[in-house]
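A quick write-up on the structure given underneath.
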Number of protein chains: 2
Amino acid sequence: MGANAQIKERANQQRSLETKNKILNAAEELFSLHGFYGTSLRDISALSGVRMSLCYYHFGSKEDVLQAVVDRRADAHQQALLEPLNAYKEQFGDQPIPVDALIEAYARPIMERHLSCGNGWRNYTRLMAHLYSESAHLEPKVQVHKYDPVIKQFFAEFRRSMPHANEPELHWAIYFLRSSVINMLLDTQLVDDQSAGLCDSGDLAQVITRLKSFFSKGLQEP
Amino acid sequence: MGANAQIKERANQQRSLETKNKILNAAEELFSLHGFYGTSLRDISALSGVRMSLCYYHFGSKEDVLQAVVDRRADAHQQALLEPLNAYKEQFGDQPIPVDALIEAYARPIMERHLSCGNGWRNYTRLMAHLYSESAHLEPKVQVHKYDPVIKQFFAEFRRSMPHANEPELHWAIYFLRSSVINMLLDTQLVDDQSAGLCDSGDLAQVITRLKSFFSKGLQEP
DNA sequence: GTCTATAATGAGATAGAC
DNA sequence: GTCTATCTCATTATAGAC
């Protein structure tokens with residue numbers, strides 16, 4: 001292969017990547033807003049400005065597009081979730097990590113991406129939440145549940161910080177925390193509406209403060 | 001109109017009602033499992049055993065079927081939610097109702113219908129939860145949010161029971177409670193999976209106990 | 001009220017020229 | 001890699017006989 005051909009191939013790969021990302025960005029937004037079945041490849045094509053046939057060329061099928069959307073940010077998101085946890089582990093060593101620090105370590109990376117890292121991350125986190133209710137019908141075609149190991153690690157740390165709590169009670173408490181975070185990711189405006197605007201689910205600092213103060217009360221030792 | 005004609009008309013109305021309910025039952029189940037867009041009228045027709053054209057005759061459109069499903073149990077559900085609250089109001093009179101009683105008054109009617117009143121109610125409550133994430137795309141064609149006044153009444157009672165709590169904090173706490181209940185209605189098995197079966201989200205007594213003990217801790221006066 | 005048949009639209013997916 | 005054109009199928013919805 002000549003030098004010219006190599007340059008051409010590089011340019012093509014670059015353009016291919018850009019096209020793929022245009023598709024994924026549009027799909028991410030629409031899937032997260034209207035669900036998998038509420039979104040057609042025509043919608044994605046229209047929003048992305050990329051011809052429909054290219055979606056098939058690059059991904060194969062609608063389900064494959066969803067899978068690609070899910071996969072694109074999965075590793076980065078997992079890393080972001082574990083980073084503060086590991087930092088705390090290092091900081092506290094053998095000592096247990098305080099409960100409110102654990103709550104923040106869990107909630108902040110998620111809510112931060114949802115609220116202050118741009119539309120891409122906002123759509124991605126919303127989609128992840130949305131998929132919890134759609135996944136039953138989507139699997140096994142699409143692999144969605146990628147964060148179970150992360151939850152396991154968080155549970156282990158909560159356990160260490162609350163040695164006297166009984167196991168089921170602790171599981172329920174962490175589940176309630178997860179439910180609340182997941183619900184916020186859906187952007188249902190439930191708390192904003194309920195409080196007639198007094199509470200702002202779009203305010204990261206407020207969200208983290210409220211999560212910490214409420215759930216650390218529930219997660220105290222008896 | 002002769003007596004014979006009247007009898008015939010009665011029988012027809014009866015049959016008509018049965019057909020409608022067959023359709024609504026199937027729609028309730030499928031919408032609640034796969035969402036509005038994940039369900040076709042063909043699916044509903046197949047599951048109910050009623051011809052597709054009859055769905056149009058009785059309701060008009062797919063959206064109208066959803067609306068009818070939502071409406072069918074709405075009043076009964078509202079009543080069921082307010083009944084224990086009003087009973088407590090009567091019982092305690094001017095005294096504030098204890099917080100854990102309020103939590104139970106809110107959660108039990110919902111979770112009871114979800115877990116121990118048969119498949120119809122189970123599907124209905126699951127659908128209501130599901131619609132929180134789909135409603136943005138469905139409105140204004142379908143009117144879904146029918147429980148805001150109920151929440152208002154509950155908030156007022158929580159307020160009375162916790163006169164020193166600040167308003168936003170109270171709103172957030174009640175919102176976290178609602179999130180957890182809503183998530184359980186979706187039957188995602190999150191807590192069952194997370195705890196490897198140690199916790200059972202299908203056990204009504206367990207669910208109520210855990211909700212009360214956890215959320216009453218978070219809802220204490222400072 | 002119920003049935004069959006069918007219209008009309010939109011969906012996912014593919015073929016083949018460039 | 002990109003485009004146009006098209007296929008095939010499922011969907012919502014309607015018309016008209018009984």
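Chain letters run A, B, ... following the sequence lines, proteins first and then strands; every chain starts at 1.
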message: Looking at B:R122 and B:D187, is there a salt bridge between them, counting it only when a charged N and a carboxylate O are closer than 4.0 Å?
response: yes
Does the side chain of [X] come under 3.5 Å of the side chain of [Y] through a donor N or O and an acceptor N or O?
X      : Y      : value
A:N25  : A:S48  : no
A:H137 : A:Y37  : yes
B:Y132 : B:H145 : no

Quickly work out the [X] [atom1] to [N] [atom2] distance and round it to whole Å.
X     : N      : atom1 : atom2 : value
A:L54 : C:dC18 : CG    : P     : 18 Å
B:M52 : D:dA13 : CE    : P     : 10 Å
A:F59 : C:dG12 : CZ    : C1'   : 16 Å
B:K20 : C:dT2  : NZ    : C1'   : 15 Å
A:K62 : C:dA13 : NZ    : P     : 8 Å
B:D43 : D:dC9  : CG    : C1'   : 15 Å
A:L41 : D:dC7  : CG    : P     : 20 Å
B:Y57 : C:dG1  : OH    : C1'   : 6 Å

If you only use heavy atoms from C-beta on, which nucleotide in [options] is closest to the side chain of [X]?
X     : options                : value
B:S53 : C:dA13, D:dT12, D:dA15 : D:dA15
A:S40 : D:dT12, C:dG12, C:dG1  : C:dG12
B:S61 : C:dT2, C:dT14, D:dA13  : D:dA13
B:Y56 : C:dG12, D:dT14, C:dT2  : D:dT14

query: How would you label the contact of A:T19 with the nucleic acid (heavy atoms, under 4.0 Å): base, sugar-phosphate, or nothing?
result: sugar-phosphate
- prompt: Within the structure shown, what part of the strands sits under 4.0 Å from A:R42 by heavy-atom distance: base, sugar-phosphate, or nothing?
  reply: base
- line: Sorted by position of nearest nucleotide on DNA chain C, 5' first, the leading residue of B:L17 and B:R51 is B:L17
- prompt: Taking A:Q206 for the side chain and A:D200 for the main chain, is one N or O donor matched with an acceptor at less than 3.5 Å?
  reply: yes
